[in-house]
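Below, all heavy atoms of this structure are taken into account, side chains as well, without hydrogens, waters or symmetry copies. Just follow the structure's listing: the first ligand is 1, and inside any ligand the first atom is 1.
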Amino acid sequence: MTNPIFVLNGPNLNRLGKREPEIYGHTTLAEVEAMCREAAGDRPVVFRQTNAEYELVNWIHEAIDTPAAGIVINPAGLTFTSIPILDALKMFPAPIIELHISNIHRREAIYHNSLVSKVATAVIAGLGPNGYRHAVNAMLELAEA
Ligand code: DHK
C-alpha cells in the first residue's frame, strides 16, 4: 500500500492568484494542487485548504490515522500562533515539511517565529508556489511507506 502525502493549507490560501500577487504570485490554489499531484506521480495526494484552525487539527489527526506517508503543511498565518496545530503535529510520526510561498524571514517580524518549525523535518520558504512541487519531491524521498 502506498500511503498518501497530505498537503494541508491554512487561512487565505484559497485566495492565491488574487492575494498580494507581488508576494504570493499569480498561481491559483487549484494550479498548486495540480502541481502537487503531477510531482507525486503514482503516490496519492490528499490536498486541502481551510480558513479554520480546528479543521487543520482534524486533518492532521486524519493523517495520523490514515496513516499518511508525510505531511506538507503551509499553515499560513496560523504558523506563528497555533499551539493546537503544533500539538497535533507532535503526534504525527512521519516526515513533516513546513512550506511557505514567501521567505517569511525576510518579511515583517510577525512572520519570523514559526511554531511549526519546532516539529518540522524540513522547511521550504521563498521559492514561490513552486515550493510545493519541491516539497512533494522531497517528501517522495523522505517517505518510507
Ligand atoms: C502564507 C501566509 O498566508 C502568511 O500568513 C504567511 C505564508 C506566509 C506563505 O508565504 O505561504 O506568513
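- Within the 4.5 Å cutoff, side-chain heavy atoms of P44 are placed close to those of T2.
- Residue, atom and distance of the protein heavy atom nearest to atom 4 (C) of ligand 1 are Y24 OH, 3.5 Å.
- Distance from atom 5 (O) of ligand 1 to its nearest protein heavy atom, with residue and atom name: G77 N, 3.1 Å.
- When only modelled atom types and interatomic distance are considered, T79 and E98 share no side-chain donor-acceptor pair under 3.5 Å.
- Looking only at heavy atoms of the protein, atom 8 (C) of ligand 1 is closest to R107 NH1, 3.6 Å.
- Aromatic ring pairs are classed by plane angle as parallel below 30°, tilted from 30° to 60° and perpendicular above 60°; the pair H100 and F80 is parallel.
- Only the side chain of R19 comes within 4.0 Å of ligand 1, judged by heavy-atom distances.
- Of all the atoms in ligand 1, the ones that sit under 4.0 Å from a non-hydrogen atom of S102 are 8 (C), 9 (C), 10 (O).
- Set against the non-hydrogen atoms of H100, the atoms of ligand 1 under 4.0 Å away are 7 (C), 9 (C), 10 (O), 11 (O).
- With a heavy-atom cut-off of 4.0 Å, N74 touches ligand 1 through its side chain alone.
- Heavy atoms of other residues, nucleotides or ligands lying less than 6.0 angstrom from CZ of R19 number more than 12.
- For I101, heavy-atom contacts with ligand 1 shorter than 4.0 Å involve the backbone as well as the side chain.
- Two different hydrophobic clusters hold W59 and L13 under the rule that ILVMFWY side chains link at heavy-atom gaps under 4.5 Å.
- Proximity of I60 to I73: side-chain heavy atoms (C-beta onward) are separated by under 4.5 Å at one or more points.
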